[in-house]
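Take a look at the structure set out below.
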Amino acid sequence: MSTRIAFLKGHGTENDFVIVPDPENAVALPPAAVAALCDRRAGLGGDGLLHVVRSGAHPEARHLAAEAEWFMDYRNGDGSVAEMCGNGVRVFARYLQHAGHVTEGDLAVATRGGVKTVHLAKNGDITVGMGRAVLPEGEVTVRVGERSWPARNVNMGNPHAVAFVADLAHAGELRAAPPVTPATAYPDGVNVEFVADRGPRHVAMRVHERGSGETRSCGTGACAVAVAAARRDGTDPAVTGTPVTYTVDVPGGTLVITERPDGEIEMTGPAVIVAEGEIDPEWWTGAAV
């Protein structure tokens, strides 16, 4: 391959991504190459990769092209494919604005988790309509060392296990995925959130993201945490008829999550483009093997 591949680097509450603009879906992204790009020592470094493709050019998104021009082909840091990434959607939208494809206001982004509505505000914040949470039945337990906690099973287009703890330090190093039982609850792996209270409708969390390890933030995880907290606190909007908003502190910043009586969830937070450049073709050829 002689053509250089453009890239950008961005983050949302320090959940960072390599961005590969590829409107016509001309760049092959084998898992080994994605993992190499996301490597923090030998690559560009990132929790994941945002492949920016027009929906009509991607076989997984063509059926969504009438609803959303752009498809977020998201990959985890290990190269595996993921359904959704909430912080990633905000950074994806910021890239589209940076590149001149969109301006302030509303747009739609296609993902494997469905079409997400996005609003780019004048103050720089980005709000993403994250859809509705699904709460599968059945008990789930999360364990770290000798400690274990009951967890709430929440699906935000990707799976989460939310455990409320007295101290976030109890989550340990989070380098490896915490054991979750029963394993049958999450046949494709799971994101695990550990949550501690900080005040009324205010919590803090740490997360182990499947395929990435502990990350500085997780947008879908923050939504799952707010949903679980609302059920625990008796503020389920479907029951009260009133929207509920939780402030969720993550190691990389703060996200604001609102759930409405119809179940729709909105996430608001920042997104930043840090740098852009080109990938060396010789390095890429070796990384893709």
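Just so it is clear, the model here is predicted, and its values are computed rather than measured.
No donor-acceptor pair closer than 3.5 Å links the side chain of Asp47 to the backbone N or O of Asn15. Listed for the Arg216 side chain is a donor-acceptor partner under 3.5 Å among the backbone atoms of Pro251. Side-chain N or O atoms of Thr181 include none that pairs as donor or acceptor with a backbone N or O of Ala183 at under 3.5 Å. The main-chain N or O of His160 is found under 3.5 Å from a side-chain atom of Tyr186 such that the two form a donor-acceptor pair. For the pair Asn191 (side chain) and Arg210 (backbone), a donor-acceptor distance under 3.5 Å is present. Not a single donor-acceptor pair under 3.5 Å links the side chain of Arg75 to the backbone N or O of Pro30. Asp167 contributes a side-chain N or O that, together with a main-chain N or O of Ala169, makes up a donor-acceptor pair within less than 3.5 Å. With Arg90 contributing its side chain and Asp125 its backbone, the two residues share no donor-acceptor pair below 3.5 Å. No donor-acceptor distance shorter than 3.5 angstrom exists from the side chain of Arg260 to the backbone of Val244, with no hydrogens or angles considered. The backbone N or O of Gly79 sits nowhere less than 3.5 Å from a side-chain atom of Asn76 that would complete a donor-acceptor pair.
Residues Ala222 and Ile257 come closest through the heavy atom pair O-CG1, 3.9 Å. For the pair Ala108 and Ala68, the tightest heavy-atom approach, listed with the atom from each and the gap, is O-CB, 3.6 Å. Nearest heavy atoms, Gly77 versus Ser212: N-OG, 3.5 Å. When every heavy atom of Trp149 is checked against every heavy atom of Ala163, the shortest pair comes out as CB-CB, 4.1 Å. Closest approach of Gly86 and Met267 over heavy atoms only: O-CE, 3.3 Å. The two residues Ala204 and Arg198 have their closest heavy-atom pair at CB-NE, 3.7 Å.
Residues Thr235 and Tyr246 have side chains in contact (heavy-atom distance under 4.5 Å, counting atoms from C-beta outward). With contacts defined as side-chain heavy-atom distances shorter than 4.5 Å, the pair Thr247/Asp249 qualifies. In this structure the side chain of Asn25 reaches within 4.5 angstrom of the side chain of His51, judged on heavy atoms. Side-chain atoms of Arg62 and Pro59, non-hydrogen and from C-beta on, do get closer than 4.5 Å to each other. Here the side chains of Arg152 and Arg231 are in contact, with some heavy-atom distance below 4.5 Å. Between Cys85 and Phe17 there is a side-chain heavy-atom pair separated by less than 4.5 Å. Residues Thr268 and Leu255 fail the side-chain proximity criterion, which asks for heavy atoms closer than 4.5 Å. Residues Ile126 and Arg94 form a side-chain contact, since some pair of their non-hydrogen atoms from C-beta on lies under 4.5 Å apart.
Distance check, rounded to the nearest 0.5 Å: CG of Leu168 to CD of Glu193 gives 12.0 Å. With values rounded to the nearest 0.5 angstrom, Thr117 atom OG1 is found 7.5 Å from Asp106 atom CG. Taking CE of Met156 as the start and CG of Leu135 as the end, the distance is 10.0 Å to the nearest 0.5 Å. Between the CZ atom of Arg201 and the OG1 atom of Thr245 there is a distance of 7.5 Å, given to the nearest 0.5 Å. In this structure, Met72 CE and Leu49 CG are separated by 11.0 Å, a value rounded to the nearest 0.5 Å. With rounding to the nearest 0.5 angstrom, the CH2 atom of Trp284 is 5.5 Å from the CD1 atom of Ile279.
A continuous path of hydrophobic side-chain contacts links Ile273 to Val118 [ILVMFWY only; heavy atoms under 4.5 Å]. Following chains of ILVMFWY side-chain contacts shorter than 4.5 Å, one can reach Phe194 starting from Val190, so the two form part of one hydrophobic cluster. Phe71 and Val89 fall into different hydrophobic clusters, defined by Ile, Leu, Val, Met, Phe, Trp and Tyr side-chain heavy atoms under 4.5 Å apart, directly or through other members. Both Leu120 and Val52 belong to a common hydrophobic cluster when Ile, Leu, Val, Met, Phe, Trp and Tyr are linked at side-chain heavy-atom distances under 4.5 angstrom. Taken together through direct or relayed side-chain contacts under 4.5 Å among Ile, Leu, Val, Met, Phe, Trp and Tyr, Met205 and Val142 form parts of separate hydrophobic clusters.
Atom CZ of Arg40 is surrounded by more than 12 heavy atoms from other residues, nucleotides or ligands within 6.0 Å. Enclosure of atom CD in Glu139 is not indicated, since only 12 or fewer non-hydrogen atoms of other residues, nucleotides or ligands lie within 6.0 angstrom.
Looking only at atom types and distance, the side chain of Glu209 has a donor-acceptor partner in the side chain of Thr215 under 3.5 Å away. Side chains of His11 and Asp16: a donor-acceptor N/O pair is absent below 3.5 angstrom, by distance only.
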(request) May I have the step-by-step check of side-chain hydrogen bond (donor to acceptor under 3.5 Å, both in side chains) for Glu276 and His98, ending in yes or no? (result) CA-CA 11 Å; Glu276 55 187 310; His98 173 85; 3.0 Å; yes

(request) Please assess Val20 against Leu50 for the test side-chain contact (heavy atoms from CB on, under 4.5 Å), listing each intermediate value before the final yes or no. (result) CA-CA 6 Å; Val20 176; Leu50 303 173; over 6 Å; no

(request) Mind running side-chain contact (heavy atoms from CB on, under 4.5 Å) on Val128 and Phe92 for me, showing each step along the way? (result) CA-CA 11 Å; Val128 180; Phe92 188 94; over 6 Å; no

(request) Please assess Glu214 against Arg206 for the test salt bridge (charged side-chain N to carboxylate O under 4.0 Å, His left out), listing each intermediate value before the final yes or no. (result) CA-CA 8 Å; Glu214 182 172 14; Arg206 291 176 61 196; 2.8 Å; yes

(request) Go through His119 and Glu266 one step at a time and tell me if the side-chain contact (heavy atoms from CB on, under 4.5 Å) criterion holds. (result) CA-CA 10 Å; His119 179 78; Glu266 292 182 344; over 6 Å; no

(message) Quick one, His170 with Val144, criterion side-chain contact (heavy atoms from CB on, under 4.5 Å). Give me CA distance, side-chain angles, the key distance, then yes/no.
(response) CA-CA 8 Å; His170 292 167; Val144 175; over 6 Å; no

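Exactly one residue among Thr111, Val53, Leu107, Leu96 makes a side chain to side chain contact (heavy atoms under 4.5 Å, CB included) with Trp70. That residue is Leu96.
Note that Arg112 lies outside the cation-pi zone of Tyr74, set by a 6.0 Å cut-off to the ring centre and a 45° limit from the axis.
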